[in-house]
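Throughout, a chain's letter reflects where its sequence line sits, starting with A, and its residues are numbered from 1. Just so it is clear, the structure is predicted and the values come from calculations on it, not from any experiment.
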2 protein chains.
Amino acid sequence: MKISAQEEYGLRCLVQLATLAADESLTLPQIAEREGVSQANAGKLMWLLSKAGFVQSTRGTKGGYTLARPASKIYLNEVIKILDGDEINTHCESYTGILEVCVHKGDCGIRPVIVGLHKIVDEALSNITLSQLVGEERKVTQTFQQIQRLEKKVAQEILGS
Amino acid sequence: MKISAQEEYGLRCLVQLATLAADESLTLPQIAEREGVSQANAGKLMWLLSKAGFVQSTRGTKGGYTLARPASKIYLNEVIKILDGDEINTHCESYTGILEVCVHKGDCGIRPVIVGLHKIVDEALSNITLSQLVGEERKVTQTFQQIQRLEKKVAQEILGS
DNA sequence: TCAAATCTATACTTTTATGTCAAGATTCAT
DNA sequence: ATGAATCTTGACATAAAAGTATAGATTTGA
């Protein structure tokens with residue numbers, strides 16, 4: 001389970017915009033520079049994020065990108081879904097081996113794992129907003145560590161029973 | 001965040017072995033048939049799993065594959081690490097853009113998210129064994145759903161404070 | 001109006017992951 | 001011993017993801 005390049009760089013570009021004051025914006029060259037990616041690549045990512053409604057773009061001499069809504073209203077699970085696709089609903093169609101359709105119909109040992117994992121990730125990300133990734137306000141680590149601790153507890157209770 | 005083909009098919013092949021009685025084994029053609037993958041592909045996966053010590057192989061006419069230990073002692077997080085690499089420790093080296101090294105040194109907004117996510121996934125998988133994916137004994141869904149419920153609660157407590 | 005700065009959109013190239021092939025090694029049965 | 005069945009291993013081919021290039025569209029300001 002890896003984070004794709006699109007997820008990584010797309011998210012990073014968004015975070016750059018989240019650091020801006022209300023009246024500021026960034027151009028493609030600026031974003032590319034700040035994230036150490038090529039301008040062409042940044043352009044493609046911003047185009048995606050723009051289509052999806054996370055950022056607002058304006059063309060022309062004074063143009064650039066800004067967030068389309070406040071950073072505190074942009075949830076990571078939504079961003080990830082745009083950058084990496086809605087994996088949970090396409091998984092079984094993607095892994096059919098050499099057959100037209102997966103051999104496991106209604107009787108798949110690992111499907112609960114796959115689905116459950118995606119849901120756990122989605123749930124965790126749905127609690128994090130862009131604004132939490134900026135400056136001093138970072139509660140992410142604390143939140144995630146707490147989740148982890150409880151995972152252990154849950155497992156003991158359920159599996160031990 | 002996607003599950004790779006190697007993770008998917010590798011895990012499925014392992015589950016096939018977990019369904020066997022103690023004195024049974026499966027050959028490459030049998031595994032390939034049961035999972036709807038090519039024999040060549042199954043061969044590569046089993047080779048990986050064999051090298052990693054999850055399965056035991058024997059060559060020759062009466063040969064085939066069996067699990068190297070009881071299914072109840074094979075944890076999914078270990079299997080996934082073999083099939084997909086130790087992502088958490090290589091992530092930042094993989095995503096350096098067009099530079100030699102990532103622009104974010106000691107000041108990365110999204111690193112806590114990446115690391116936290118991987119840890120949450122690892123923790124969840126460390127509670128699931130192969131034996132839980134077989135037959136009637138499936139407690140996976142229950143465990144994962146409970147984790148999800150608690151994630152919500154944790155987020156409320158921490159982020160609301 | 002025109003040129004410069006900027007984003008947009010698609011096609012193309014490169015890189016990486018996936019999957020296949022074929023020759024070799026080992027074991028078993030006769 | 002020999003041949004058939006099986007796993008092993010590295011090289012190769014294919015497909016998918018990632019990244020680049022380029023021509024076009026829009027806006028600003030002189």
Side-chain angles (χ1 to χ4, degrees), chain A residues 1-13 17 24-33 35-66 68 83-85 87 90-91 93-99, chain B residues 1-13 17 24-33 35-66 68 83-85 87 90-91 93-99:
Chain A
M1 251 202 149
K2 279 186 188 149
I3 281 142
S4 71
Q6 259 194 174
E7 289 176 285
E8 166 85 17
Y9 298 127
L11 194 48
R12 275 163 55 174
C13 290
L17 296 184
E24 295 177 313
S25 70
L26 286 178
T27 68
L28 230 26
Q30 288 174 320
I31 294 172
E33 157 96 48
E35 285 304 333
V37 301
S38 73
Q39 189 172 322
N41 202 4
K44 191 185 209 172
L45 292 166
M46 295 314 290
W47 175 61
L48 256 175
L49 292 167
S50 177
K51 265 202 319 183
F54 294 114
V55 309
Q56 183 138 47
S57 66
T58 50
R59 297 202 258 201
T61 308
K62 290 287 182 186
Y65 297 93
T66 60
L83 293 171
D84 208 41
E87 185 59 13
T90 56
H91 181 88
E93 280 70 36
S94 317
Y95 296 105
T96 62
I98 56 176
L99 307 174
Chain B
M1 250 202 150
K2 281 186 186 149
I3 282 142
S4 71
Q6 259 194 176
E7 289 175 285
E8 167 85 16
Y9 298 128
L11 193 48
R12 275 162 57 176
C13 291
L17 295 184
E24 295 177 314
S25 70
L26 287 177
T27 68
L28 230 26
Q30 287 174 319
I31 294 172
E33 156 96 50
E35 284 304 331
V37 301
S38 72
Q39 189 172 323
N41 202 4
K44 191 184 206 171
L45 292 167
M46 295 313 290
W47 175 61
L48 256 175
L49 292 167
S50 178
K51 263 202 319 178
F54 294 114
V55 309
Q56 184 137 46
S57 65
T58 50
R59 297 203 259 202
T61 308
K62 290 286 181 187
Y65 296 92
T66 59
L83 293 171
D84 208 42
E87 185 58 12
T90 55
H91 180 89
E93 279 71 36
S94 317
Y95 296 107
T96 62
I98 56 175
L99 306 174

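Nearest heavy-atom pair across B:Ala42 and B:Val37 is CB-CG2, 3.9 Å.
Of the two residues near DNA chain C, B:Lys62 and B:Asn41, the one whose nearest nucleotide lies more 5' is B:Asn41. For the pair A:Ser38 and B:Pro29, both in contact range of DNA chain D, the more 5′-proximal nearest nucleotide belongs to B:Pro29.
Less than 4.0 Å separates DNA chain C from at least one heavy atom of each of the following residues of residues 42-59 of chain B: B:Lys44, B:Arg59. Listed by residue number, B:Ser4, B:Ala5, B:Tyr9 are the residues of residues 2-11 of chain B with a heavy-atom contact under 4.0 Å to DNA chain C.
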Determine, stepwise, if the pair A:Leu17 / A:Glu24 fulfils side chain to side chain contact (heavy atoms under 4.5 Å, CB included). CA-CA 9 Å; A:Leu17 296 184; A:Glu24 295 177 313; over 6 Å; no
Steps toward side chain to side chain contact (heavy atoms under 4.5 Å, CB included) verdict (B:Thr58, B:Thr66): CA-CA 9 Å; B:Thr58 50; B:Thr66 59; over 6 Å; no
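Counted within 6.0 Å of CD on A:Gln30, heavy atoms from surrounding residues, nucleotides or ligands total more than 12; the atom is thus considered enclosed. Environment of CD in B:Glu87: crowded, with over 12 heavy atoms of neighbouring residues, nucleotides or ligands closer than 6.0 Å.
Rounding to the nearest 0.5 angstrom, the gap separating the NZ atom in A:Lys44 from the SG atom in A:Cys13 is 13.5 Å. Here B:Asp84 contributes atom CG and B:Lys2 contributes atom NZ; the two are 13.0 Å apart, rounded to the nearest 0.5 Å. In this structure, the separation between CD on B:Gln56 and CG on B:Leu49 is 13.5 Å, given to the nearest 0.5 Å. Atoms CZ and CG, from B:Phe54 and B:Leu83 in turn, are 7.5 Å apart once rounded to the nearest 0.5 Å.
Between its two ends, the helix from C:dT1-D:dA30 to C:dT30-D:dA1 turns its axis by 0°, counting five pairs per end and rounding to 10 degrees.
A:Met46 has its side chain out of reach of A:Ser57: every pair of non-hydrogen atoms, C-beta onward, lies at least 4.5 Å apart. For the pair A:Leu28 and A:Tyr65, the minimum side-chain heavy-atom distance is below 4.5 Å. Looking at heavy atoms from C-beta onward, B:Ile31 lies out of side-chain contact with B:Leu45 at the 4.5 angstrom threshold.
A distance-only check finds a donor-acceptor pair linking the side chain of B:Tyr95 to the backbone of A:Ile3 [under 3.5 Å].
Within the structure, salt bridge (charged side-chain N to carboxylate O under 4.0 Å, His left out) pairs that include any residue of residues 3-12 of chain B comprise B:Glu8-B:Arg12, B:Arg12-B:Glu35 (at least two apart or interchain).
Protein chain B contacts DNA chain C from C:dT18 to C:dA29, reading 5' to 3' and using non-hydrogen atoms of the protein with a distance under 4.0 Å. Taking every nucleotide of DNA chain D with any atom under 4.0 Å from a non-hydrogen atom of chain A, the first and last of them, 5' to 3', are D:dA18 to D:dG29.
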